[in-house]
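Report on one structure; see the data block that follows.
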Amino acid sequence: MSPSHRTRLSSLRYATSALALLLAGCVSGPDHVPPEMPLPAQFEEGGSKSNGNVVTAEWWTAYRDERLNGLVAHGLSENLDVLQALESINAASANVTVAGAGALPSLSVDASHTVSGEKGRLCTTVGTTNTTAGGVSLSWLLDVFGQYRRSKESAIASLGAAYATADNAKLTFLKDLVESYIDARYYQERITLSQANLKSRQQTYELTQLQLKAGAASRLDVVQAEGLVQSTKSEIPGLEQSFTESAHHIATLLGMPAASLMGELQKSAGQPVFRGDIRAGIPADLIRNRPDIRKAERELAAAVADIGAAEAELYPSISLSGSISPSWVKSSGARGASLTSWSFGPTLNLPIFDGGKLRANVDIEKSDARTQYLAWKAAVLNGVEEVENALSAVRHDTQTLEPLRRQVQTAQESLALSTTSYKNGASSLLDVLDAQRSVSDAEASLAATVQQVAKDYVDLYVAVGAGYLTGEEPIASKQGAKPG
């Protein structure tokens with residue numbers, strides 16, 4: 001082999017290698033790097049131990065209410081907001097295919113058959129002509145600068161954001177359902193207390209009437225006692241309406257008619273009380289566990305990939321196209337003949353003057369990426385704030401429970417003493433009525449605090465991003481959340 005021939009072969013090999021490297025590794029724009037920000041080692045009122053992965057922790061079971069557990073299990077698969085969010089995953093998944101299709105070769109095939117002829121006094125040919133033709137067209141836009149690779153990367157990140165959106169919808173559903181259930185049980189407790197107070201006040205009213213007949217009470221005492229009875233009666237319809245609205249909302253969250261659930265919820269089960277541990281973890285856990293933070297990170301990844309797609313449009317594009325069109329023609333009385341035409345060649349598109357449009361598109365995508373980074377930081381800080389507030393609320397509200405329980409006991413004891421004293425004529429009716437009001441207010445305050453403490457735990461576990469996935473779901477969700 002001559003030296004010049006070897007030189008040409010060597011040059012060809014280097015050119016081929018360079019082209020392969022260009023097609024495989026030349027991708028415009030920056031690569032996404034998971035964002036970071038400084039966070040404290042622990043929450044102000046929390047510990048230093050990490051929570052780990054809590055997305056499957058069924059924290060609501062700590063209320064030890066089987067009816068609540070059943071509602072949650074049913075609702076996670078039937079809630080309409082959750083189902084809508086899950087459906088968006090299908091669209092995002094299909095968009096990944098659409099985004100990657102541009103970088104693949106496109107092949108189309110067509111075929112036709114026509115019969116032609118002439119009729120009339122001025123015809124020049126006799127008989128018919130049969131023409132059969134076909135065609136194969138191939139086109140391939142070489143993704144030299146990675147426009148379609150970046151577009152597919154953006155679509156994969158958007159798919160991860162869709163998974164995180166669905167997870168966030170489940171977490172929002174859990175918060176709404178459990179808190180609505182706590183509200184419904186609170187209103188039931190208030191109705192029970194009001195009915196008991198009504199009975200007590202009705203007895204006082206009847207006692208006052210007897211005292212009036214015996215000359216030991218005045219008409220004013222009777223009127224005041226009756227006024228307290230009517231006041232208590234007026235509270236009950238409003239509480240019943242609030243319970244009904246809470247029950248209706250629970251039914252809506254479960255995607256079912258309200259009437260089908262009312263009978264079950266009307267069976268009183270007492271106010272839910274959380275009997276589990278406080279697991280707040282550390283601030284760094286939130287980045288992994290909270291779906292809104294993962295969603296923000298995936299949207300940032302999509303925005304960074306869009307920068308590369310926009311930058312790729314600044315550079316030349318090369319496409320290869322070719323076609324083959326065979327045909328066969330046969331006229332009456334003649335032998336058939338065939339003809340095949342073909343074409344193949346590259347096309348170069350070089351953007352030169354565009355009025356600054358392409359460069360402006362890059363600037364737009366860079367600005368969007370910076371915006372998404374700020375949104376991610378805001379999501380992290382918002383998550384930290386929510387956990388801090390929930391921890392503080394749990395601690396402070398829990399501290400008020402025991403004093404309120406003691407207050408109820410002392411108010412009830414005071415009522416018993418004042419009632420006995422009134423019967424013996426040693427005190428006025430006003431003392432009894434004041435004691436009854438104190439009992440009613442103390443019991444209402446205790447019930448409201450029990451309700452609030454139960455909801456504080458909901459806020460805490462929702463804030464740390466716990467419990468929105470069942471045991472079968474994390475794998476699929478994590479796949480969708482992976483960086484493209």
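Numbering of residues begins at 1 and proceeds along the displayed sequence. As the structure is a computational prediction, the values presented were derived from the model and not from experiment.
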Rounding to 0.5 Å, atoms CG (N389) and CG (L460) come to a distance of 11.0 Å

With the side chain counted from C-beta on, respond yes when L177 and Y181 share a heavy-atom pair under 4.5 Å apart, and no when they do not.
no

Note: D167-K295 ion pair, threshold 4.0 Å (strictly below)
no

Report yes if the side chains of I182 and Q271 come closer than 4.5 Å at any heavy-atom pair, otherwise no.
no

D285/R279 under salt bridge (charged side-chain N to carboxylate O under 4.0 Å, His left out): CA gap, chis, key distance, verdict
CA-CA 11 Å; D285 292 335; R279 295 182 57 190; over 6 Å; no

Atom pair CG (L415) and OG (S200), whose distance is rounded to the nearest 0.5 Å:
5.0 Å

Is there a side-chain contact (heavy atoms from CB on, under 4.5 Å) between L391 and R395 once you walk through the steps?
CA-CA 6 Å; L391 284 171; R395 183 171 69 87; over 6 Å; no

Is there a donor-acceptor contact under 3.5 Å from the side chain of T371 to the main chain of S367?
yes

What I want to check is whether the side chains of E443 and Q412 have a donor and an acceptor closer together than 3.5 Å.
yes

State, with a plain yes or no, whether a side-chain heavy atom of S246 is found less than 4.5 Å away from one of Y187.
yes

For N289 and V54, which heavy atoms make the closest approach, and how far apart are they?
ND2-CG2, 3.5 Å

Kindly list each side-chain donor-acceptor pair under 3.5 angstrom involving residues 444-453, sequence neighbours excluded, with atom names and distances?
| residue | atom | partner | partner atom | Å |
| --- | --- | --- | --- | --- |
| S445 | OG | D441 | O | 2.9 |
| T449 | OG1 | S445 | O | 2.9 |
| Q451 | NE2 | D183 | OD1 | 2.6 |
| Q452 | NE2 | D456 | OD1 | 2.9 |

Chi angles and distances behind the side-chain hydrogen bond (donor to acceptor under 3.5 Å, both in side chains) call for E413, Q409:
CA-CA 6 Å; E413 184 178 357; Q409 293 173 356; over 6 Å; no

Would L212 and S218 satisfy side-chain contact (heavy atoms from CB on, under 4.5 Å), going step by step from the backbone distance to the final call?
CA-CA 6 Å; L212 176 63; S218 66; 5.6 Å; no

For the CD atom on Q399, are there more than 12 heavy atoms of other groups (residues, nucleotides or ligands in this structure) within a distance under 6.0 Å?
yes

Using 4.0 Å as the upper bound for N to carboxylate O, is an ion pair formed by R290 and E386?
yes

List for me each residue that meets ring pair (Phe, Tyr, Trp, His ring centres under 6.0 Å) alongside F274, sequence neighbours excluded, and say none if there are none.
Y63, Y457, Y461

Residues pairing under ring-ring contact (aromatic ring centres under 6.0 Å, His included) where one sits in residues 376-425, two or more places apart or in two chains, turn out to be none

Under 3.5 Å, is there a donor-acceptor pair linking the side chains of Q147 and S28?
no

Atom of T208, atom of A225 and distance for their closest heavy-atom approach:
OG1-CB, 3.9 Å

K49 vs Q42, side-chain contact (heavy atoms from CB on, under 4.5 Å): CA-CA, chis, key distance, verdict:
CA-CA 8 Å; K49 184 178 180 180; Q42 64 185 66; over 6 Å; no

Spell out, as yes or no, whether a donor-acceptor pair under 3.5 Å connects the side chain of R288 to the backbone of G52.
yes

Checking S77 side chain against H74 main chain: does a donor-acceptor pair fall under 3.5 Å?
yes

Nearest-0.5 Å distance, CD of residue E311 to CG of residue D306:
11.5 Å

Apply salt bridge (charged side-chain N to carboxylate O under 4.0 Å, His left out) to residues K175 and D459 and explain how you reach the verdict.
CA-CA 7 Å; K175 176 180 173 65; D459 293 339; 2.4 Å; yes

Could E189 and R185 be called an ion pair, given the rule that one side-chain N must be under 4.0 Å from one carboxylate O?
no

Side-chain donor/acceptor of N382 to backbone N/O of A378, under 3.5 Å
no

Begin with the C-alpha distance, continue with both residues' side-chain angles, and end with the deciding distance and a verdict on side-chain contact (heavy atoms from CB on, under 4.5 Å) for L265 and L71.
CA-CA 11 Å; L265 290 178; L71 295 176; 4.3 Å; yes

Indicate yes or no: at least one non-hydrogen side-chain atom of T61 is less than 4.5 angstrom from one of E58.
yes

Before you tell me yes or no, could you show the steps for R150 and E153 under salt bridge (charged side-chain N to carboxylate O under 4.0 Å, His left out), namely the whole-Å CA-CA distance, both residues' side-chain angles and the distance that decides it to 0.1 Å?
CA-CA 5 Å; R150 289 301 192 192; E153 182 181 327; 2.9 Å; yes

Do other residues, nucleotides or ligands put more than 12 heavy atoms under 6.0 Å from the CZ atom of R359?
no

Using only atom types and a distance under 3.5 Å, with no angle test, would you say the side chain of D143 pairs donor to acceptor with the backbone of F145?
no

Note: G160 and R298 closest approach over all heavy atoms is C-CG, 3.8 Å

Crowded around D277 CG? As in, over 12 foreign heavy atoms under 6.0 Å?
no

Donor-acceptor contact below 3.5 Å, side chain S421 vs main chain L417
no

Within the 4.5 Å heavy-atom criterion, are N79 and L254 side-chain neighbours or not?
no

Without swapping roles, check the side chain of S260 against the backbone of M256 for a donor-acceptor pair under 3.5 Å.
no

With rounding to the nearest 0.5 angstrom, report the CD to CZ distance, E388 to F43.
6.0 Å

Minimum heavy-atom separation for K152 to G100, with atom names?
CD-CA, 4.0 Å

Between OG1 of T204 and CG of D221, what distance do you get to the nearest 0.5 Å?
11.5 Å

Is the shortest heavy-atom distance from the side chain of V462 to the side chain of W59 under 4.5 Å?
yes

May I ask you to decide if A416's main-chain N or O and T420's side chain share a donor-acceptor pair within less than 3.5 Å?
yes

Of all heavy-atom pairs between A169 and A85, which one has the smallest distance, and what is that distance?
CB-CB, 3.9 Å

Taking V304 as the fixed residue, which of K366, H32, E299 is the one that meets the side-chain contact (heavy atoms from CB on, under 4.5 Å) rule?
H32

Are S180 and L253 side-chain neighbours, meaning at least one heavy-atom pair lies under 4.5 Å?
yes

Under a 4.5 Å cut-off applied to non-hydrogen side-chain atoms, are D176 and H249 in contact?
yes

Without swapping roles, check the side chain of T244 against the backbone of E240 for a donor-acceptor pair under 3.5 Å.
yes

I need the D431 CG to T419 OG1 distance, nearest 0.5 Å.
10.0 Å

So, for S158 and A302, which heavy atoms are closest and what is the spacing to 0.1 Å?
OG-CB, 3.8 Å

